[in-house]
Amino acid sequence: QVQLVESGGGLVQAGGSLRLSCAASGRTFSSYSTGWFRQAPGKQREFVAALAWTGGGTYYADFVKGRFTISRDNAKNTVYLQMNSLKPEDTAVYYCAADSDGVVSGLDFLYDYWGQGTQVTVSS
């Protein structure tokens with residue numbers, strides 16, 4: 001089992017930045033691919049970014065390209081999502097997820113483990 005705990009959410013003005021963290025515990029995390037998803041009120045959960053466990057391959061949703069960066073520190077068992085140039089439409093609960101098969105994907109059903117989420121609110 002892998003436990004994921006997100007942190008770093010909060011309230012920020014449009015144009016500002018936040019860095020989300022996702023700390024993993026329970027097993028060797030370094031072999032897992034990891035992803036970030038988000039869910040706004042009244043909307044379905046959507047893919048944000050994913051990172052391969054090896055080779056550093058990344059995958060982003062079009063609406064965050066150039067603004068968000070996913071990274072990980074295997075020594076700290078932590079995945080990060082640096083969010084810059086935030087917009088009000090980025091307001092959502094952000095979730096991190098891990099896939100034990102190491103597949104980089106935007107499909108949420110492929111991920112085995114999920115955190116509890118952290119709220120990000122961007123004011124205009």
Side-chain angles (χ1 to χ4, degrees):
Q1 286 286 345
V2 171
Q3 292 80 42
L4 305 174
V5 179
E6 301 97 333
S7 61
L11 174 64
V12 64
Q13 288 188 334
S17 299
L18 283 174
R19 188 177 79 156
L20 305 183
S21 300
C22 174
S25 62
R27 277 194 177 178
T28 302
F29 186 57
S30 60
S31 62
Y32 289 52
S33 60
T34 52
W36 286 95
F37 292 78
R38 70 185 188 185
Q39 187 167 21
K43 295 187 178 181
Q44 290 189 330
R45 184 166 58 192
E46 63 181 353
F47 168 73
V48 176
L51 177 65
W53 72 274
T54 184
T58 56
Y59 176 39
Y60 294 95
D62 287 342
F63 57 79
V64 302
K65 285 181 180 177
R67 299 191 299 127
F68 292 8
T69 303
I70 186 172
S71 62
R72 63 191 289 168
D73 185 336
N74 286 337
K76 295 183 178 180
N77 268 5
T78 301
V79 178
Y80 304 98
L81 184 68
Q82 178 66 43
M83 305 187 295
N84 299 327
S85 302
L86 283 162
K87 305 175 182 180
E89 52 263 44
D90 293 319
T91 295
V93 177
Y94 283 72
Y95 299 90
C96 71
D99 174 18
S100 58
D101 292 328
V103 176
V104 177
S105 174
L107 301 175
D108 58 1
F109 62 84
L110 293 179
Y111 289 83
D112 307 297
Y113 304 100
W114 292 83
Q116 82 290 347
T118 186
Q119 176 70 47
V120 171
T121 303
V122 184
S123 63
S124 57

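Residue indices begin at 1 and follow the sequence shown. Since the structure is predicted, the reported quantities are computational estimates derived from the model, not experimental observations.
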So which atom in [X] and which in [Y] form the shortest heavy-atom distance, rounded to 0.1 Å?
X     : Y      : answer
Ser33 : Ala52  : CB-CA, 4.3 Å
Val48 : Val64  : O-CG2, 3.5 Å
Tyr59 : Val104 : CB-CG1, 3.7 Å

Would you check if [X] and [Y] make a side-chain contact, meaning some heavy-atom pair closer than 4.5 Å?
X      : Y     : answer
Leu51  : Trp36 : no
Val122 : Glu89 : no
Glu46  : Phe63 : yes

Gap separating the [atom1] atom of [X] from the [atom2] atom of [Y], nearest 0.5 angstrom:
X     : Y      : atom1 : atom2 : answer
Tyr32 : Asn74  : OH    : CG    : 12.5 Å
Gln39 : Gln119 : CD    : CD    : 11.0 Å
Leu4  : Gln116 : CG    : CD    : 9.0 Å
Asp99 : Leu110 : CG    : CG    : 6.5 Å

**Study point:** Test item: Glu6 side-chain N/O and Thr118 main-chain N/O as donor-acceptor pair under 3.5 Å
**Key:** no
**Study point:** Backbone N/O of Ser105 and side chain of Tyr111: donor-acceptor pair under 3.5 Å
**Key:** yes
Check your understanding: Are Lys65 and Asp62 within salt-bridge range, i.e. N to O under 4.0 Å?
Key -> yes
**Study point:** Residues Leu107, Phe47; criterion side chain to side chain contact (heavy atoms under 4.5 Å, CB included); working and verdict
**Key:** CA-CA 7 Å; Leu107 301 175; Phe47 168 73; over 6 Å; no
Practice item. Sorted by first residue and then second, give each salt bridge (charged side-chain N to carboxylate O under 4.0 Å, His left out) pair with at least one member in residues 104-122; sequence neighbours left out. Key: Arg45-Asp108
Review point. Of the options Tyr94, Tyr95, Trp114, which is the one that meets Phe37 in a ring-ring contact (aromatic ring centres under 6.0 Å, His included)?
Key: Trp114
Using atom types as modelled, flag every donor-acceptor pair under 3.5 Å from a side chain in residues 11-22 to any protein atom, sequence neighbours excluded.
from  : atom 1 : to    : atom 2 : distance (Å)
Ser17 : OG     : Asn84 : OD1    : 2.9

**Study point:** Residue pair Asp90, Met83: steps toward the side chain to side chain contact (heavy atoms under 4.5 Å, CB included) verdict
**Key:** CA-CA 10 Å; Asp90 293 319; Met83 305 187 295; over 6 Å; no
